Amino acid sequence: MTQVDVGGVITTPRHRRRLPRPLAWIAVVPCAVWALVRLAGVDGPVLTELITATPYVALFSLFAALLALGSRGRAVVAVAAASSTLLAFMVLPRAFGDTPAATGPSLRILTINLFFGRGDARTVIDLVRRLRPDILNTQELDPRAVEALDAAGLGTLMPYSHLQQEYSASGSGIYSRYPLTKLPDFAPSDGHHMPYVRFSLPGGQAVELVDVHTMAPLGPDVATWKEALRSLPPAVPGTVRVLAGDFNASLDHAALREVLGRGYLDAADATGTGLRTTWPANRRLPPLITIDHVLVDERASAVDVSVHDVPGTDHRALFAELRLPSSP
């Protein structure tokens, strides 16, 4: 009889190393607090500046969720999942278009903050020639910029205007292919100029337009910024209104969402381009936040939205092609 040896190595299963739960909480808690502050719509000093970073926090929350999963702590995983989901619902709709199909006339708008008139006039004229806007809204328009735009040929392309230029950030002006009728001022007296006009498109469709430029919400100017946004006229039956310009506000500001709640849609948001950034431009880093907008009556449709670099200014130009409702 032969004896058979049975051999082998006895090993114990290795346990995967857990990430420290305190590290996971350190990453998750700020995301959770941020989501709650954004949900509550708190617009106050300091917060008005920080809240524009919400898309970046939403992205970071995914990394925080991975750390939570690595820690295998049920509580931290639950908080991370809730925060990421909430932030995703706040941010992701801007990347997906959702707008009704209006059947009225087309309206093309180009808006640009010229940064104390320093925006390159020839680039602006090239955009006007290429994009063929019906309306050019300008902010921070000073007399030197008016002269430069005229010298570059803007008067030939857009012969009508309502200008309130100043040697400061308060100057603004509307240029148009169609005759303009000035409407009564409504903006707070201690803010920037916001020209308000009416014009008619071929076929007779009347449109009211505001060249928006609010104060930057910094320190004591937060109250003035909120007042300017509250002063913007609501969308109403019988009138098609467009609000376009530098709102100094992103879709993460409750004050801007309140404007939208008065009957408007954001053209970039409606076309799935709401995450394209517009400020600060012409720096070493790309623009970080979106504070330039075209808002239109929610019965309208946004067909196309694009952003364009203009040398000399800290804002990108924003172009929107709209389709208005067939009847106001």
Side-chain angles (χ1 to χ4, degrees), residues 27-28 30-41 43 48-66 80-102 107-112 131 212 242-281 283 285-309 315-323:
V28 168
C31 296
V33 172
W34 196 289
L36 292 175
V37 169
R38 167 61 171 80
L39 183 65
D43 285 343
T48 56
E49 302 163 52
L50 293 177
I51 205 67
T52 57
T54 297
Y56 301 102
V57 176
L59 186 61
F60 176 77
S61 73
L62 299 178
F63 172 71
L66 291 176
S83 302
S84 294
T85 301
L86 189 56
L87 288 165
F89 274 109
M90 294 171 180
V91 172
L92 285 182
R94 302 173 210 179
F96 300 95
D98 180 19
T99 181
L107 175 63
R108 302 162 70 89
I109 295 176
L110 179 65
T111 181
I112 174 66
L131 299 172
V212 177
V242 179
L243 315 176
D246 175 10
F247 289 71
N248 273 306
S250 78
L251 293 175
D252 292 302
H253 286 116
L256 180 57
R257 296 197 301 274
E258 289 173 4
V259 176
L260 291 168
R262 301 203 294 269
Y264 294 100
L265 62 83
D266 180 278
D269 188 32
T271 56
T273 56
L275 292 175
R276 290 185 183 177
T277 52
T278 63
W279 184 88
R283 306 287 177 88
L285 294 175
L288 297 175
I289 59 177
T290 305
I291 57 176
D292 301 272
H293 306 272
V294 173
L295 309 187
V296 63
D297 188 306
E298 62 187 1
R299 297 168 298 165
S301 299
V303 178
D304 182 48
V305 171
S306 55
V307 295
H308 306 270
D309 292 325
H315 286 253
R316 281 174 167 168
L318 176 67
F319 171 77
E321 180 180 355
L322 310 172
R323 180 73 67 177

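Model, not experiment: these values are computed from the prediction.
Trp34 is listed as a side-chain neighbour of Leu50, based on a closest heavy-atom distance under 4.5 Å.
Contacts of Thr277 classified as side-chain hydrogen bond (donor to acceptor under 3.5 Å, both in side chains), with partners at least two apart in sequence or in another chain: none. Considering only residues two or more places apart in sequence or on other chains, Arg323 meets the salt bridge (Lys or Arg N to Asp or Glu O under 4.0 Å) condition with none of them. Judged as a side-chain contact (heavy atoms from CB on, under 4.5 Å), and not counting sequence neighbours, the contacts of Leu59 are Leu62. For Asp304, there are no salt bridge (Lys or Arg N to Asp or Glu O under 4.0 Å) partners, not counting sequence neighbours. Take Ser84 and apply the side-chain hydrogen bond (donor to acceptor under 3.5 Å, both in side chains) test, not counting sequence neighbours, and it matches Ser61. Legend: residues meeting ring-ring contact (aromatic ring centres under 6.0 Å, His included) with Phe96, ordered by chain and number and at least two apart, are absent. Legend: residues meeting ring-ring contact (aromatic ring centres under 6.0 Å, His included) with Tyr264, ordered by chain and number and at least two apart, are absent. Residues satisfying the side-chain contact (heavy atoms from CB on, under 4.5 Å) test with Leu131, not counting sequence neighbours, are Leu110, Leu127, Pro133, His308, Phe319. In terms of the side-chain contact (heavy atoms from CB on, under 4.5 Å) criterion, residue partners of Leu275 (sequence neighbours excluded) are, by chain and number, Pro55, Val91, Arg94, Ala95.
The salt bridge (charged side-chain N to carboxylate O under 4.0 Å, His left out) analysis of residues 260-269, with sequence neighbours excluded, yields no pairs. The ring pair (Phe, Tyr, Trp, His ring centres under 6.0 Å) analysis of residues 243-262, with sequence neighbours excluded, yields the pairs Trp225-His253, Phe247-His293. Annotation: salt bridge (charged side-chain N to carboxylate O under 4.0 Å, His left out) contacts involving residues 30-39, sequence neighbours excluded, comprise Arg38-Asp252.
Note: His315 NE2 to Asp246 CG = 4.0 Å, rounded to the nearest 0.5 Å. In this structure, the separation between CZ on Phe63 and SG on Cys31 is 10.0 Å, given to the nearest 0.5 Å. Atom CG of Leu251 sits about 12.0 Å away from atom CD1 of Ile291, to the nearest 0.5 Å.
Of the possible polar contacts, one joining the Thr273 side chain to the Ala268 backbone as a donor-acceptor pair under 3.5 Å is found. With hydrogens and angles disregarded, a donor-acceptor distance shorter than 3.5 Å links the side chain of Arg276 to the backbone of Val305. Judged purely by atom type and a 3.5 angstrom limit, Asp292 has no side-chain atom pairing as donor or acceptor with the backbone of Leu318.
Each of Val296, Leu295, Asp297, Leu260 was evaluated against Leu243; a single residue qualifies, Leu295, per the side chain to side chain contact (heavy atoms under 4.5 Å, CB included) test.
Nearest approach of Ile109 to Ala244, heavy atoms of both residues: CG2-CB, 4.2 Å. Across Ala64 and Val28, no two heavy atoms sit closer than the pair O-CG2, 3.7 Å. Taking all atoms of both residues into account, the shortest heavy-atom contact from Thr48 to Thr52 is O-CG2, 3.9 Å. Between Thr290 and Gly274, the shortest heavy-atom distance links the atoms OG1-O, 4.0 Å. Annotation for Thr271 and Ala302: closest pair CG2-O, 3.3 Å, computed over non-hydrogen atoms. Residues Ala270 and Leu265 come closest through the heavy atom pair CB-CD1, 3.8 Å.
By the 6.0 Å contact criterion, CZ on Phe89 is open, its count of non-hydrogen atoms from other residues, nucleotides or ligands being 12 or less.
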